[in-house]
Amino acid sequence: MSVRVRFAPSPTGTLHVGSARTALFNWLYAKHHRGTFVLRIEDTDQKRSNPAFVEDILASLHYLGIVADEGPTFQSQRLALYRQHADQLIAQGKAKTEDGGVVFPVAPQTVTFRDLVHGDITVDTSLFEQLVLMKSDGLPTYNFACVVDDAAMQITHVIRGDDHIANTPKQLILYQALGLTPPAYAHIPLIVGSDRARLSKRTGATAVADYRDVGYLPEAFVNYLALLGWAPGGNRECIPPTEIVELFDVARVRKAAAQFDQQKLDWLNGQYIKQATVERLTDLFAERLIAKGLVSVTYDRAWLSRIAGLLRDRLKTLSQLEEEHRFLFVEPIEYEDEAVQQLLRRDGIAANLSALKDRLKQLGSFETPQVEQAARALIAQRGLGAKDLIHPTRVAVTGRAVSPPLFEVMSIVGQAKVIGRLEYAAAHLAG
RNA sequence: GUCCCCAUCGUCUAAUGGCCAGGACAACAGCCUUUCGAGCUGACAAUGCGGGUUCGAUUCCCGCUGGGGACACCA
């Protein structure tokens, strides 16, 4: 029997990191076993469901590269199916109408099921003496719709969060009442925040879309998520998604909750950015910069490629591009007060910057070696330490005390702009 | 409160009775360097506690403690 799994989010919020990991594990399991991954939207809460969240969920899954083999299917469009099953139980005397809904009395018993990650779990059903099947608004409840759909869709494995363990015995009872065969279950541990409680906005971003927007590469995010609660054995950390598919084994999923660690995510993302080709990085940069209005749609690709090459092994997130390197894209630049105070307001700086400007004006080529040569020559001529010229120049050209290697930055910014910035700094900022 | 689940460095994890409990992130130190970063090197750091079982327990069993989750006509 081929594997069929499903991811069944409810559109009552943006796609949460925890849900994304559940989706990922299902997807990995399906792909590993050459099975089918079904997407089902559980929109049976009329008050809280919102089409905008469906869009967010779809977009977020797309970002992660998790594509559904079937679906999305909407529960709100299969009401007849649930009604039919409820009627069947009523006809058999197993359920009854109450307050306009349908309820299912539960006989006290102990239910044991074998969980793929936890082993046997036993629950006493006297904890819940009845289950609501259909609400008085005509929509099915979660546990009922879930059972009817999983059976109808021939789901073989239900992989979901730990927090659903208590629902499983309820669903098992319904399978039995309906005469249906239940799937296998794997309850994966929750992702928790730094407070060890389930990941919430309180301890960091929870929406997958936010991570996308900050500039985490999908394979880095997927890689990180996969490592939360699972490890292939050996000492692999940086494992591209295609390889994770091959290695993934739900039996190796840990039982304990895993804490989300942004620093490790950052490190992994940096690794993937470093491994990305300049071509790809240029595309990613262009997309961001155009969206933020920092370059025009007719941007100079060769120029942006140089920037990609320069920043490739310095970025942890793509957002650092526009946050820390605005001086590459805007004119005039902004100057950090502290950098100006510490590095420009000193005797002789203005003269040095002015002298450098004069030398740079003479240059026929503004490639990095020529720029560096001009600066070094001035340093030698004036008997300066290299830092004495370089640091103030950095502030004059970038507005900041830290930047990528200065001479390449200058070359990229270009002769005219560099000269203009040196002139401005010498005249208005330097001592 | 009741029920369920869980427990290895600060964090993510490896080791499913047997080499000095391994790796990674972070933090720290050093090297490199025009700043930062990247890179390289180094040091520090864990089996929650108490009982068992066993020649031998991170590993198996029991208890405790601690943490989390679930207890809706939400999903």
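Every chain is numbered from 1, with letters handed out A, B, ... down the list of sequences. All values below were derived from every heavy atom in this structure, side-chain atoms included, with hydrogens, water molecules and symmetry-related copies excluded.
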OP1 or OP2 of [N] less than 4.0 angstrom from a side-chain nitrogen or oxygen of [X], does that happen here?
X	N	answer
A/R254	B/U13	yes
A/K316	B/A38	yes
A/K387	B/U33	no
A/H164	B/A75	no
A/R196	B/C12	yes
A/K135	B/A75	yes

Position toward the 5' end of RNA chain B (nearest nucleotide), A/D45 or A/R376: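 Per heavy-atom nearest nucleotide, the more 5' residue is A/R376.
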Comparing A/K274 and A/N235 on RNA chain B - which has the more 5′ nearest nucleotide: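 The answer here is A/N235.
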Report the distance from atom [atom1] of [X] to atom [atom2] of [N], rounded to the nearest whole Å.
X	N	atom1	atom2	answer
A/H16	B/A75	NE2	P	19 Å
A/D162	B/A7	CG	C1'	13 Å
A/I188	B/C6	CD1	P	15 Å
A/E408	B/U33	CD	P	18 Å

What's [X] touching, base or sugar-phosphate or nothing? Going by heavy atoms closer than 4.0 Å.
X	answer
A/R198	sugar-phosphate
A/R252	sugar-phosphate
A/S136	base
A/G229	sugar-phosphate
A/Q271	sugar-phosphate
A/E237	base
A/L133	nothing
A/D99	base
A/P404	base
A/E98	base
A/T122	sugar-phosphate
A/T44	sugar-phosphate
A/P405	base
A/L406	base

Just compare [options] and give me whichever is closest to any side-chain atom of [X].
X	options	result
A/A197	B/C3, B/A75, B/G69	B/G69
A/F407	B/C73, B/U34, B/C74	B/U34
A/L228	B/C12, B/A26, B/G69	B/C12
A/I121	B/C6, B/C5, B/A24	B/C5
A/Q259	B/U11, B/C73, B/A7	B/U11
A/Y142	B/A75, B/A14, B/U34	B/A75
A/D313	B/A38, B/C6, B/U13	B/A38

Using 0.5 Å steps for rounding, measure from the CG atom of A/D45 to the CG atom of A/N50.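 Here the interatomic distance stands at 11.5 Å.
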Could you measure the distance from the CG atom of A/D163 to the CG atom of A/L190? Nearest 0.5 Å is fine.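 These two atoms lie 5.0 Å from each other.
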In this structure, which one of A/H85, A/K135, A/R83 forms a side-chain contact (heavy atoms from CB on, under 4.5 Å) with A/V102?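 Among the candidates, only A/R83 passes.
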Look at the aromatic rings of A/F260 and A/Y224 and report parallel, tilted or perpendicular, splitting at 30° and 60°.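 Plane angle over 60°, so perpendicular.
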Side-chain donor or acceptor of [X] under 3.5 Å from a matching atom on the base of [N]?
X	N	answer
A/K264	B/A24	yes
A/N167	B/A70	no
A/R400	B/U35	no

Is the cationic atom of A/R21 (NZ for Lys, CZ for Arg) positioned less than 6.0 Å from the six-membered ring centroid of A/F25 and within 45 degrees of its normal?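 Cation-pi check for A/R21 and A/F25: passes.
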Could you go step by step and tell me if A/S403 and A/R394 meet the side-chain hydrogen bond (donor to acceptor under 3.5 Å, both in side chains) rule? CA-CA 7 Å; A/S403 81; A/R394 184 192 313 284; 2.7 Å; yes
Near-ring test A/F7/A/W27, centroid separation under 6.0 angstrom: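 Between A/F7 and A/W27, which both carry aromatic rings, the centre distance is not below 6.0 Å.
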Quick check on the 6.0 Å ring-centre criterion: do A/H118 and A/F113 meet it?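 Not close enough - the centres of the two rings lie 6.0 Å or further apart.
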Who is the Watson-Crick or G-U wobble partner of B/G18, with both distances under 3.5 Å?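 B/G18 is paired, partner B/C55.
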Could you give the distance separating B/G52 and B/C19 at their C1' atoms, to the nearest angstrom?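 27 Å, rounded to whole Å.
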